[in-house]
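Working notes, structure below.
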Amino acid sequence: MDLTSIKAALDNESLTNTTVSVAGWVRTFRNDRFIALNDGSTIRNLQCVIDQEQVDASTRGRFTTSAAVKCTGELVASQGSGQRVEMKVTTVEVLGDSDATTYPIQPKKHSLEFLRENAHLRFRTNTYSAVFRMRHQVSFGIHEYFDLNGYNYFHAPIITASDAEGAGELFRVTTLPLEKPPRVKRSLPINYPLFNEILERYCDTVIDYVKAHETIQPQLGKYIDKHYGVPPDMPQIPGDTGLMVEYQYRHFRDLLSKKPDDLEGSIADWRIGEYIERFTANIDINLDEHMEDFNEEAKFFLSLFQRLQQGEMGASLRDFKQGTDHICKQIGYTLSKSQGDDSMRKHPARGAPIYALSFFNLFDIVQHQVDYSGDFFGRESRLTVSGQLQAELAALALGKVYTFGPTFRAENSNTTRHLAEFWMIEPECAFMDLKGDMDLAEGLCKHLIARVLKNSMDDLQFLDARLTEEESQKPQVQRSEMGLIDRLKFVLENPFERITYTEAIEILLRSKPYQKKQFQFPVEWGIDLQSEHERYLVEKHFKKPVIVTGYPATIKAFYMRTNAPGDLGYSEKGKTVAAMDVLFPGIGEIIGGSQREERLDVLEARMKEMGLDTDELWWYLDTRKFGTVPHAGFGLGLERFVLFVTGMSNIRDVIPFPRTPGSAEF
RNA sequence: UCCCUGGUAGCUCAGCUGGUUAGAGCACAUGACUGUUAAUCAUGGGGUCGCUGGUUCAAGUCCAGCCCGGGGAGCCA
């Protein structure tokens, strides 16, 4: 088919008064005469005018929304006012029908939520076609920028075996059978006294918990089968640990066979839990009376899990560490919520039995450790969360490299700016310090903005209008002062604000919301900046992108360079590292980077301090042994940047098929 | 994972403190129309009120659990 794109048909004046063919999808068919045709080459439609005498009624009836149509005819100056040229159609052919009664996208405004559920068809809407054309412009612009600056495109592996990168939860990659994975044979070094302590103190409580639960929750049986039921092929575990699993299992089984009448009395031993409120209706229990008891128990368990985290367990398993870490967070959260803090609703306290169950769960992880030696790679492997460490290796030879590829995080995060699968750009440059890193980051952002302003003006104008309309629905206070295009121009033309973490804290301490106690989280040197703090700095105080450097070492990753007096971001208030975060209005952290620690002794000391295994990253440390040099880099989330340039607000709307917890349709 | 909020026609939403046959706009179907711009006008069809259980003479409406969506928080890019 010799086709002309609609973009060319509309823009290329030399085509006017010539005969061409176009093909696309019908947007609307008006007055039995006008087809608004779109082929995706531009957001604008070509108006194709049908001569009713030449096209019979049955064919005209097939020009339904989203039908694929090919039109041939002369491009002529339009009689109507909405467009410069239109096509006087001589022949028209329906390439693919679209049944209007079942086609979900209607010629009207749809909610983004609805279109997200129809992600396979949403590209046919103005908004999404504009977004994805711009996504292309941004992607291509990234390669363009780095190429112009002498960077080599570097492909970091997607499958990694290293588990010390420290950036979030990872997806496993395995060919082992999930139903029955091989288990490690040798028994692990386990701190039995600690287990016994818990067993003696809490097993009865757990059992009571299960009993009481059973009376009101018939599904509990299923739950126990799923989480605590011992599979028939359970290996024999030697010694007292085997007995313990057996003991736990039998008790749960016993309880399930008992009738509710037998449970009388045990309920009196109950501690406060999230289910207690349900019981207060039937049984005379006052929540407040037990709050003190509960807090004591939660504190006990917190200390217990903290001990386990510090290795008293004797086992150094990643899953185990994550498990205890998670529970520590939960208990800490519950404690802080249940005590004071009037601004928040009281969190329904979880009872100690819940934590005891959690403990048993952790125990289960240790007992059933999987043997990965027979797995595909002969070791535990996962999907990458960052190509940075590998990029560093390349940068320390090629000088300048950047990665641009998919990244995976198994975090259960459900927000408008997180995805489980996203695209990240990670440049890494030898002989570059933090200042150079900031210049590179700012230069990249500006290059990309300049590019979309140059190449995507049609789409930007549409998205600008869309955003303005959306904003007009919001209350006045929440509206942004600038339209999309103005905002992009503003960011392009003004330097980013550069401040240190210490300065940021000082600004926050002097700020109105802090003094009026409007911040939910405390502000003091050493804390991590919360969303509300970042938003204040970017959206209220500076009103432009801000780069914050020199964060406290305690809240940043091991590979970041420790600051000494005289370094940018050094503070007398505590140890800081050469980190930098670029914060954008409406999005928050769009770039996170740092100058890397190039001094072997400092790096090793810091890894040990953070409990990381230096043996596992031997290859990384080797670069510090052989010709180490200062270097720096950062990570840019592609989707977050696309969010910014398109003015969209949910990250799920700027990636074709979003992968998020509980959702991988299409 | 936590907090808040929602789930009623294909879509967007109304349905007050439980009470007759559950509504509107758009979409869709049929008809009209030689210039429309999300065309317009007339007529018509369309609903297990997210699921399960409970309270009640009576549940879209009240209660509990579960599922799904949206916003915010944490984790981060």
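Quick caveat, the model's predicted, so the values are computed rather than measured.
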* Within the structure shown, what part of the strands sits under 4.0 Å from R44(A) by heavy-atom distance: base, sugar-phosphate, or nothing? -> nothing
* Under 3.5 Å side-chain donor-acceptor pair for Q388(A) and E392(A) -> yes
* Asked: In whole Å, what separates the C1' atom of U30(B) from that of A22(B)?
  -> 26 Å
* Can you say whether the rings of F63(A) and F29(A) are parallel (under 30°), tilted (30 to 60°) or perpendicular (over 60°)? -> perpendicular
* How are the rings of F657(A) and F123(A) set to each other: parallel, tilted or perpendicular (split at 30° and 60°)? -> perpendicular
* Asked: To the nearest Å, how far apart are L419(A) CG and A77(B) P?
  -> 14 Å
* Asked: How close or far is atom C1' of G71(B) from atom CZ of R417(A), stated in whole angstroms?
  -> 11 Å
* Using purine N1 to pyrimidine N3 plus N6-O4 or O6-N4 for Watson-Crick, or N1-O2 and O6-N3 for G-U wobble, each under 3.5 Å, what pairs with A9(B)? -> none
* Just compare C28(B), G35(B), A77(B) and give me whichever is closest to any side-chain atom of Q79(A). => G35(B)
* Structure fact -> Q520(A) atom CD is separated from C3(B) atom P, nearest whole Å, by 13 Å
* Could you tell me how the ring of Y402(A) sits relative to the ring of Y151(A): parallel (under 30°), tilted (30 to 60°) or perpendicular (over 60°)? => perpendicular
* Asked: Heavy atoms under 4.0 Å, any strand shown: does E639(A) hit a base, just sugar-phosphate, or nothing?
  -> nothing
* Asked: With respect to the side chain of E589(A), which nucleotide from A77(B), U36(B), C26(B) is positioned closest?
  -> A77(B)
* Determine: side-chain N/O of R535(A) to OP1/OP2 of A73(B), distance under 4.0 Å, yes or no. => yes
* **Check ion pair E428(A)-R596(A) (N to O, under 4.0 angstrom)** => yes
* Which residue lies toward the 5' end of RNA chain B, F114(A) or T28(A), if each is placed at its nearest nucleotide? -> F114(A)
* N31(A) side chain, from C-beta outward: closest of C11(B), A39(B), U1(B) -> A39(B)
* Asked: Which base, if any, makes a Watson-Crick or G-U wobble pair with C2(B), both distances under 3.5 Å?
  -> G72(B)
* To do: With heavy atoms under 4.0 Å as the rule, sort E532(A) into base, sugar-phosphate or nothing.
  => nothing
* Asked: What integer number of Å spans the P atoms of A59(B) and U21(B)?
  -> 12 Å
* Taking atom C1' of U12(B) as reference, at what distance in whole Å does atom CD1 of I105(A) sit? -> 14 Å
* Structure fact -> Checking G25(B), G70(B), A77(B) against the side chain of N650(A) (C-beta onward), the nearest is G70(B)
* Can you figure out which of G71(B), C26(B), G35(B) approaches the side chain of T416(A) most closely? => G71(B)
* Taking atom P in both C26(B) and A38(B), what distance in whole Å separates the two? -> 15 Å
* Asked: Does the base of G10(B) carry an N or O that pairs as donor and acceptor with the side chain of Q106(A) under 3.5 Å?
  -> yes
* Spacing of I591(A) atom CD1 relative to A77(B) atom P, expressed in whole Å -> 11 Å
* Considering heavy-atom distances to RNA chain B, does D528(A) or S649(A) have its closest nucleotide positioned more toward the 5' end? -> S649(A)
* Asked: Should the heavy atoms of other residues, nucleotides or ligands under 6.0 Å from NZ of K540(A) be counted, would the total exceed 12?
  -> no
* Structure fact -> D653(A) CG to G71(B) P, in whole Å, measures 9 Å
* To do: State whether T101(A) places a side-chain N or O below 4.0 Å from either non-bridging phosphate oxygen (OP1 or OP2) of A27(B).
  => no
* Just checking S81(A): base, sugar-phosphate only, or nothing, at a heavy-atom cut-off of under 4.0 Å? -> base
* Give N414(A) one of three labels, base, sugar-phosphate or nothing, depending on what nucleic acid heavy atoms sit under 4.0 Å from its own. => base
* Whole-Å P distance, G23(B) and G70(B) -> 31 Å
* To do: Would you check if there is a donor-acceptor pair between the side chains of Q47(A) and R30(A) at a distance under 3.5 Å?
  => yes
* **Assigned partner base of A14(B), Watson-Crick or wobble definition, under 3.5 Å** => none
* To do: Please determine if a side-chain N or O atom of R652(A) lies less than 4.0 Å away from the OP1 or OP2 oxygen of G70(B).
  => yes
* To do: Could you state the atom-to-atom distance from CG of L115(A) to C1' of A27(B) in whole Å?
  => 14 Å
* To do: Under a 3.5 Å limit for both distances, which nucleotide forms a Watson-Crick or G-U wobble pair with U34(B), could you say?
  => none
* **Exercise: do R27(A) and N126(A) side chains pair donor with acceptor under 3.5 Å** => yes
* Asked: Reckon Q388(A) touches a base, only the sugar-phosphate, or nothing at all at heavy-atom distances under 4.0 Å?
  -> nothing
* Asked: Which part of the nucleic acid, if any, lies within reach of R116(A) when heavy atoms closer than 4.0 Å are counted: base, sugar-phosphate only, or nothing?
  -> sugar-phosphate
* C1'-based separation of G10(B) from C57(B) [nearest Å] -> 37 Å
* Proximal nucleotide (of U37(B), C76(B), A27(B)) relative to the P107(A) side chain -> A27(B)
* G592(A) near the nucleic acid: base, sugar-phosphate alone, or nothing, with a heavy-atom cut-off under 4.0 Å? -> sugar-phosphate
* Asked: Can you tell me how far C1' of A27(B) sits from CG of N118(A), to the nearest Å?
  -> 14 Å
* Asked: How far, in whole Å, is A27(B) from U40(B) if one measures between their P atoms?
  -> 7 Å
* Please evaluate the base of G71(B) for a donor-acceptor partner in the side chain of E113(A) within a cut-off of under 3.5 Å? => no
* For A39(B), does OP1 or OP2 lie under 4.0 Å from any side-chain N or O of R30(A)? -> yes
* **Side-chain ion pair, K556(A) and D528(A), N-O less than 4.0 Å** => no
* **Stacking of F422(A) on A77(B) base (centres under 5.5 Å, planes under 30°)** => yes
* With C1' as the reference atom in both, quote the distance from C49(B) to C62(B) in angstrom, rounded to an integer. => 15 Å
* Asked: Now, which nucleotide makes the Watson-Crick or G-U wobble pair with C57(B), with each of the two distances under 3.5 Å?
  -> G19(B)
* Asked: Expressed in whole Å, how much space separates the P atoms belonging to A24(B) and G45(B)?
  -> 12 Å
* Asked: Does a nitrogen or oxygen in the side chain of S413(A) sit under 4.0 Å from OP1 or OP2 of G74(B)?
  -> no
* Structure fact -> Of A77(B), A73(B), U34(B), the nucleotide closest to the side chain of E53(A) is U34(B)
